[in-house]
Amino acid sequence: MENKKRVVVGLSGGVDSSVAAYLLKEQGYEVIGMFMKNWHDESVTISNECPWMEDSTDAMLVAEKLGIPFQAIDLSEEYKDRIVDYMFAEYKAGRTPNPDILCNREIKFDIFLKAAQKLKADFVATGHYCQKDEILVDGKPVYRLLAGADNGKDQSYFLCQLNQEQLSKALFPIGHLQKSEVRKIAKEQNLITADKKDSQGLCFIGKVRLPDFLQQQLQPKKGAIVVIPEDLPIYNERKIPEGIDQEDFDMETLESICLPIKYNPEQGKKLGEHNGAHYFTVGQRKGLQVGGTGKPLFVIATDTKENVIYTGLGEDHPGLNRFGLFVPKDEIHWIREDLKMEIGESRRYLSRIRYRQPLSWATYLMKENGLYILFDEAQRGVASGQFIAWYDGNESIGSGVIF
């Protein structure tokens with residue numbers, strides 16, 4: 001009998017990874033459960049509950065129930081270096097990072113994968129709602145990252161920074177299922193996690209709110225909240241001109257549409273004060289604490305150097321919308337390296353800039369300095385530092401960090 005393939009499952013103590021481990025065992029793999037402890041700085045959790053201890057116990061009980069070996073691995077040091085420090089640097093610079101995407105690229109499919117390979121594992125598996133398959137291109141295997149079958153739970157966006165090497169070693173056992181089916185399997189198998197709520201909050205700290213976390217690390221600093229009028233001339237200049245082929249736009253037009261607007265306080269009027277521009281992100285509405293404006297106030301830009309927050313009145317303020325964005329050359333990532341765009345090439349892809357956002361069409365233009373992306377419909381709340389992912393149908397083709 002041929003040797004069973006060995007797979008290490010990242011057991012998080014949640015229902016998705018529990019069912020992933022069960023299904024792999026059913027499929028005849030030799031399964032090892034491993035719990036990743038990513039954080040134990042108790043000073044930043046906002047309740048006395050210690051989420052990782054509870055999660056670790058649940059993961060261990062699931063492994064026991066399934067009759068698979070279990071171990072815990074402490075990755076908190078690597079986590080701090082690669083994720084937490086990066087997050088603070090980004091927020092300090094006035095950008096909006098996505099720690100979940102980085103956590104997958106840097107931790108689960110890098111450090112964790114290497115730990116699994118030390119155990120002579122052939123694969124690592126997670127409870128992500130996404131799928132993969134393999135095709136041949138010029139006689140060589142190419143791995144495709146596909147959306148999860150459950151539209152409401154598809155997590156392919158969070159994996160948009162994986163590469164071919166990482167995908168070749170990844171298994172997503174629940175990607176073809178609906179969430180309701182996953183819960184049903186967990187109940188049938190009497191797994192302790194069957195009714196456990198999905199975890200919220202940061203991908204590593206459990207029960208902590210991001211502003212509280214940031215406030216403990218980045219010092220408060222008073223600055224002005226400025227409201228920008230909606231008839232600022234620059235808003236007209238930034239619309240996509242009609243009647244010209246997008247491929248024929250000159251660089252000046254592309255940059256006026258795709259680069260973020262640089263505001264200055266003279267363009268608007270001061271409405272109040274905030275405690276630090278680095279606590280706010282584009283599109284945010286809560287936490288400004290300015291009353292009497294009639295319409296709700298939204299953040300349209302932050303300037304962490306001058307410590308100014310720029311806002312607009314009402315959710316239809318033109319400052320909230322962008323018709324284009326730019327990804328610098330060294331921030332472009334292709335999952336499908338065989339589909340890399342050449343300079344001067346243009347393509348149409350479906351795109352999203354946040355998890356669960358419906359996909360929308362855009363034109364992609366590759367220039368020497370990077371990728372200019374022009375949307376068919378204006379996108380709301382585009383922030384520097386976020387990831388944009390592009391798709392061909394339900395296949396994730398690549399991604400990049402928004403300038």
Side-chain angles (χ1 to χ4, degrees), residues 10 16-17 19-20 23-24 27 98 100-105 108-109 123-138 140-183 185 198 203 325 327 332-341 345-366 371 373-377 379-380 382 386-402:
D16 298 332
S17 60
V19 171
L23 292 174
L24 288 167
Q27 288 159 22
N98 188 317
D100 294 297
I101 290 178
L102 272 221
C103 185
N104 286 315
R105 184 184 83 191
K108 290 178 188 158
F109 293 94
F123 299 104
V124 293
T126 61
H128 280 108
Y129 286 85
C130 63
Q131 306 176 80
K132 87 164 194 187
D133 70 6
E134 188 182 330
I135 57 171
L136 285 176
V137 176
D138 300 332
K140 294 193 190 92
V142 167
Y143 298 93
R144 304 195 311 152
L145 176 65
L146 307 168
D150 184 335
N151 277 337
K153 288 293 293 179
D154 165 39
Q155 290 174 315
S156 56
Y157 175 72
F158 289 138
L159 299 168
C160 67
Q161 284 274 301
L162 296 192
N163 58 32
Q164 285 291 308
E165 173 63 18
Q166 290 168 315
L167 267 182
S168 73
K169 301 276 189 270
L171 296 176
F172 306 113
I174 63 167
H176 63 293
L177 297 171
Q178 302 291 311
K179 181 77 185 200
S180 53
E181 296 173 291
V182 169
R183 290 233 183 252
I185 294 170
D198 290 349
C203 71
L325 54 85
V327 177
I332 302 170
H333 171 76
W334 295 95
I335 297 174
R336 288 288 302 275
E337 288 160 31
D338 57 310
L339 295 178
K340 268 184 187 158
M341 289 172 69
E345 198 182 340
S346 77
R347 272 191 214 155
R348 298 272 294 160
Y349 280 124
L350 288 160
S351 324
R352 63 164 55 106
I353 54 172
R354 56 181 73 85
Y355 171 50
R356 283 199 177 156
Q357 182 192 31
L359 290 167
S360 48
W361 281 105
T363 300
Y364 284 63
L365 303 167
M366 183 64 85
L371 201 47
I373 299 167
L374 302 166
F375 292 100
D376 288 16
E377 286 164 18
Q379 298 295 303
R380 246 178 97 87
V382 177
Q386 282 175 323
F387 287 86
I388 176 166
W390 47 93
Y391 290 75
D392 179 1
N394 72 339
E395 182 187 359
S396 183
I397 303 293
S399 63
V401 181
I402 298 170

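Just so you know, these numbers come straight off a predicted model, no measurement behind them.
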Nearest 0.5 Å, what's the [atom1]-[atom2] distance between [X] and [Y]?
{"X": "Ser156", "Y": "Leu359", "atom1": "OG", "atom2": "CG", "value": "7.5 Å"}
{"X": "Gln131", "Y": "Gln155", "atom1": "CD", "atom2": "CD", "value": "12.0 Å"}
{"X": "Ile402", "Y": "Phe387", "atom1": "CD1", "atom2": "CZ", "value": "9.5 Å"}
{"X": "Asn163", "Y": "Glu165", "atom1": "CG", "atom2": "CD", "value": "7.0 Å"}
{"X": "Gln386", "Y": "Ile353", "atom1": "CD", "atom2": "CD1", "value": "5.0 Å"}
{"X": "Leu177", "Y": "Lys153", "atom1": "CG", "atom2": "NZ", "value": "13.0 Å"}

Measure across [X] and [Y] and return the closest heavy-atom pair with its distance rounded to 0.1 Å.
{"X": "Ser399", "Y": "Cys160", "result": "OG-O, 2.7 Å"}
{"X": "Leu325", "Y": "Val382", "result": "CD2-CG1, 3.9 Å"}
{"X": "Trp390", "Y": "His333", "result": "CZ2-O, 3.9 Å"}
{"X": "Ala149", "Y": "Gln178", "result": "O-NE2, 3.3 Å"}
{"X": "Lys179", "Y": "Tyr129", "result": "CD-OH, 3.0 Å"}
{"X": "Phe109", "Y": "Ala170", "result": "CE2-CB, 3.6 Å"}

Would [X] and [Y] count as having a side-chain donor-acceptor pair, cut-off 3.5 Å?
{"X": "Tyr391", "Y": "Arg352", "result": "yes"}
{"X": "Gln161", "Y": "Gln166", "result": "no"}
{"X": "Asp392", "Y": "Tyr349", "result": "no"}

Quiz item: Given Leu146 and Asp133, is the side chain to side chain contact (heavy atoms under 4.5 Å, CB included) satisfied, shown in steps?
Solution: CA-CA 8 Å; Leu146 307 168; Asp133 70 6; 3.7 Å; yes

Exercise. Could you go through the salt bridge (Lys or Arg N to Asp or Glu O under 4.0 Å) check for Arg183 and Asp16 one step at a time?
Key: CA-CA 8 Å; Arg183 290 233 183 252; Asp16 298 332; over 6 Å; no

Please examine the side chains of [Y] and [X], heavy atoms only from C-beta on, and report whether any two atoms are closer than 4.5 Å.
{"X": "Leu136", "Y": "Lys140", "result": "no"}
{"X": "Arg348", "Y": "Tyr364", "result": "no"}
{"X": "Leu159", "Y": "Leu162", "result": "yes"}
{"X": "His128", "Y": "Ile174", "result": "no"}
{"X": "Ile388", "Y": "Ile373", "result": "yes"}

Quiz item: If you count the non-hydrogen atoms of other residues, nucleotides and ligands that lie under 6.0 Å from CD in Glu377, is the total more than 12?
Solution: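 Incorrect, the count does not exceed 12.
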
Exercise. For the pair Val142 and Gln164, evaluate side chain to side chain contact (heavy atoms under 4.5 Å, CB included) and give the outcome as yes or no after the intermediate values.
Key: CA-CA 7 Å; Val142 167; Gln164 285 291 308; 4.0 Å; yes

Quiz item: Passes salt bridge (Lys or Arg N to Asp or Glu O under 4.0 Å), Asp338 versus Arg336? Steps please.
Solution: CA-CA 5 Å; Asp338 57 310; Arg336 288 288 302 275; 2.8 Å; yes

Exercise. Check step by step if side chain to side chain contact (heavy atoms under 4.5 Å, CB included) holds for Trp361 and Phe375.
Key: CA-CA 6 Å; Trp361 281 105; Phe375 292 100; over 6 Å; no

Quiz item: Between Arg347 and Glu345, does at least one N-O distance fall below 4.0 Å, as a salt bridge requires?
Solution: yes

Quiz item: Do Arg354 and Tyr157 meet the cation-pi criteria used here (NZ or CZ under 6.0 Å from the six-membered ring centre, within 45° of the axis)?
Solution: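 Output no; distance or angle outside limits.
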
Practice problem: Taking the six-membered ring for Trp and the single ring otherwise, decide whether the centroids of Phe158 and Tyr355 are under 6.0 Å apart. | Solution: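 Judged by ring-centre distance (under 6.0 Å), Phe158 and Tyr355 do meet the cut-off.
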
Quiz item: Which is it for Asp154 and Asp150 under the side chain to side chain contact (heavy atoms under 4.5 Å, CB included) test, yes or no, and what are the steps along the way?
Solution: CA-CA 6 Å; Asp154 165 39; Asp150 184 335; over 6 Å; no

Quiz item: Is the backbone N or O of Gly152 less than 3.5 Å from a side-chain atom of Arg356, with the two atoms forming a donor-acceptor pair by type?
Solution: yes

